[in-house]
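Bear in mind that the values here come from a model prediction, so they are computed numbers and not experimental data.
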Amino acid sequence: MKWHVFLCVLLMYNLKVSSSSSAANRCFCQVTGSLDDCACDVETIDTFNNEQLFPKLQKLLESDYFRFYKVNLNKPCPFWKDNSLCGQKNCAVIPCTPNEVPEGIKTNDHHNMYSAEANQECEKAEKLGAVNSSLSEETRQSLREWSKHDDEAERFCVIDDEESPDSQYVDLLLNPERFTGYKGPEAWQIWNSIYEENCFKPYTVKRPLNPMSAYSGKMFYSWLEGQCVEKRAFFRLVSGLHSSINIHLSARFLLDDNWYEKKWGHNVSEFQQRFDAQLTNGEGPKRLRNLYFLYLIELRALAKILPVLQRPSFQLYTGQSVQDQQLKLQLIELLQVAKSFPLHFDETTLFAGNKEEAATLKEDFRLTFRNISRIMDCVGCFKCRLWGKLQTQGLGTVLKILFSERQIEALPKSSNSRPTFQLSRQELVSLLNAFGRISTSIRELENFRSLLSMVR
């Protein structure tokens, strides 16, 4: 009798182990090995991110310089009028009061982050080269518009006007990206507009699991695989960003809400609904692999920007000189770690064909992503809008860096000369925080692997 009991217990244990193992495998069994269009594998990224880069990055993002982000959350949606706003309290964003933002950031947010000596030299050169200093205000305004247009021509996203009275500083640490309850038709309209109208996809080819059309996964992927590497990369970047956002919503889910506290934590069921191969008709693992592709693209941009930020004239200014110098050292150390990654994405494989065709495709690439950044102003949840705008701006800055190789290589040797490539503070803050979101997503996958292995 005892042996029968023992055998039953052993059988039940094996069934539980098998069940938990299959739960993890259904999400991660295909998320392994080499990535498409890359010379890298998932395991190398996991080890590098979780052990070397993630801890340093998190420490950097907790600093005053990188935690305060200026954003306009009141811009109207440019694409449709019926833009209902989320009324749930978890959708709200708490802006900073004037006293909460370091004075140095407020007074130098429009400063180009280069030393006073470099700026003085540039001003002298501009005065010496001036033809007529008595310009009319109309002409000065035209010059400002031309300068703005030249700057916008390099950007892959639309950046908020920091001078607007609607732009406010937000403490990103006090307004974390997490589940807010924003979902349903309004949320699907955002992603549907991005995927259906802004991913180089013909209307006749329907996206898998699109709730607004019949499922046609085989047709979609046969179309995608037949596209040039640039268009495949564009779709994978968007899909990777979407996956990262969904991982954060699953990792910081509202598990309990009562009158005395809110409990946030990992929701394994929510994660499975989004990434389990069986529950998503095989889509989930593809989405996770696209996250790794996005990680490689953003990591490459961090490595390429190192010579720009290493220049002695470059400054991180908050008004606290000692801390600012230490923070720059931390930033350079982080970028050096990023550069040390052994299997970087080779961006020279993009736009490498016929020069005229490549230039046209690159411009289409830029304008399409700019359009996606404008869609973020249609998001009805303010907290979702905040993080959507920041992450699209960050990815837009990544693309600006990757496709400005000649300007970066042409940096003048003298630190007192105006650099041929610059980033605004907003671009730098969004770049690091956007990568912080992707890095955190990779780290959270390890947590979900562990949790899924214990699912009964």
Do F345 and F293 have their ring centres less than 6.0 Å from each other? yes
Between F48 and F341, ring centroids under 6.0 Å: yes
Okay, side chain of R232, backbone of D36: is any donor-acceptor separation there less than 3.5 Å? no
With a 4.5 Å limit on heavy-atom distance, are the side chains of Q393 and S373 in contact? no
Would you find a donor on one side and an acceptor on the other, under 3.5 Å apart, between the side chain of Y182 and the backbone of G380? yes
Suppose we screen for side chain to side chain donor-acceptor pair (under 3.5 Å). Which residues come up paired with N90, at least two apart in sequence or across chains? K262
Take Q315 and D324 through the test side-chain contact (heavy atoms from CB on, under 4.5 Å) and record every step on the way to the result. CA-CA 8 Å; Q315 298 176 334; D324 291 343; over 6 Å; no
For residues E43 and T32, is any side-chain donor paired with an opposing acceptor at under 3.5 Å? yes
Hey, are the side chains of Q326 and L316 touching, using non-hydrogen atoms and a 4.5 Å cut-off? no
Could you tell me whether the side chain of Q426 and the main chain of K70 form a donor-acceptor pair under 3.5 Å? yes
Can E444 and N447 be counted as having a side-chain donor-acceptor contact under 3.5 angstrom? yes
Do NZ/NE/NH1/NH2 and the carboxylate oxygens of E230 and K362 come within less than 4.0 Å? no
Give a yes or no answer on whether the side chain of S193 reaches the backbone of Q189 with a donor-acceptor pair at less than 3.5 Å. no
Do L57 and T440 have side chains that approach each other closer than 4.5 Å (heavy atoms only, starting at C-beta)? no
Please check if the side chain of N175 supplies one atom and the backbone of I94 the other of a donor-acceptor pair under 3.5 Å. yes
Do the side chains of K56 and E333 get close enough for a salt bridge, i.e. N-O under 4.0 angstrom? yes
Worked check of side-chain contact (heavy atoms from CB on, under 4.5 Å) between L334 and Q330: CA-CA 6 Å; L334 174 77; Q330 289 179 34; over 6 Å; no
Which heavy-atom pair separates Y169 from I105 by the least distance, and what is that distance? OH-O, 3.6 Å
Y69 and D171: side-chain donor and acceptor closer than 3.5 Å? no
Quick one: do R366 and E363 satisfy salt bridge (charged side-chain N to carboxylate O under 4.0 Å, His left out)? Show the steps, please. CA-CA 5 Å; R366 187 183 72 85; E363 182 64 5; 2.8 Å; yes
ring-ring contact (aromatic ring centres under 6.0 Å, His included) partners of residues 354-375, not counting sequence neighbours, each pair once: F234-F365, F351-F365
With a 4.0 Å cut-off, would you call K389 and D377 a salt bridge? yes
Report the residue from S439, S239, S441 that forms a side chain to side chain donor-acceptor pair (under 3.5 Å) with S244. S441
Is it true that T349 and D346 share a donor-acceptor pair across their side chains at a distance under 3.5 Å? no
Using modelled atom types only, decide if a donor and an acceptor are shared between the side chain of K328 and the backbone of F314 within a distance under 3.5 Å. yes
Looking only at side chains, do E177 and Q391 share a donor and an acceptor under 3.5 Å apart? yes
Q168 and V71: CA distance, side-chain angles, deciding distance, side-chain contact (heavy atoms from CB on, under 4.5 Å) verdict: CA-CA 6 Å; Q168 295 178 297; V71 62; 6.0 Å; no
Point-to-point distance, once rounded to the nearest 0.5 Å, from OG1 of T392 to CD1 of I375: 10.0 Å
Answer yes or no: is the gap between the SG atoms of C91 and C381 smaller than 2.5 Å? no
If only side-chain N and O atoms count, and only distance matters, is there a donor-acceptor pair under 3.5 Å linking H248 with R437? yes
After noting the C-alpha distance and the side-chain angles of T397 and L428, does the key distance pass the side-chain contact (heavy atoms from CB on, under 4.5 Å) rule? CA-CA 8 Å; T397 304; L428 185 61; over 6 Å; no
Decide ring pair (Phe, Tyr, Trp, His ring centres under 6.0 Å) for H266 and F253; before the verdict, give the C-alpha distance in whole Å, the side-chain angles of both, and the deciding distance to 0.1 Å. CA-CA 6 Å; H266 294 82; F253 198 88; over 10 Å; no
Hey, does V268 have a side-chain heavy atom less than 4.5 Å from the side chain of Q272? yes
Side chains of L173 and F68, heavy atoms from C-beta outward: is any pair under 4.5 Å? no
Report yes if some heavy atom in the side chain of L294 is under 4.5 Å from a heavy atom in the side chain of R236; otherwise report no. no
Using a distance-only test with no angle check, is there a side-chain donor-acceptor pair under 3.5 angstrom linking E446 and N50? yes
Nearest-0.5 Å distance that lies between atom CD in E283 and atom CZ in R274: 14.5 Å
Any chance you could measure I194, atom CD1, to N371, atom CG, to the nearest 0.5 Å? 10.0 Å
Are the side chains of D41 and I45 in touch, meaning some heavy atoms are under 4.5 Å apart? no
Can you label the angle between the F275 ring and the F271 ring as parallel, tilted or perpendicular, going by 30° and 60°? tilted
Tell me yes or no: between the side chains of N198 and T368, is some donor less than 3.5 Å from an acceptor? no
Tell me whether E261 at atom CD has more than 12 heavy atoms from other residues, nucleotides or ligands lying less than 6.0 Å away. yes
Compare all side-chain heavy atoms of K201 with those of E196 and state whether any distance is below 4.5 angstrom. yes
Residues that S34 engages under side chain to side chain donor-acceptor pair (under 3.5 Å), provided they are two or more places apart: none
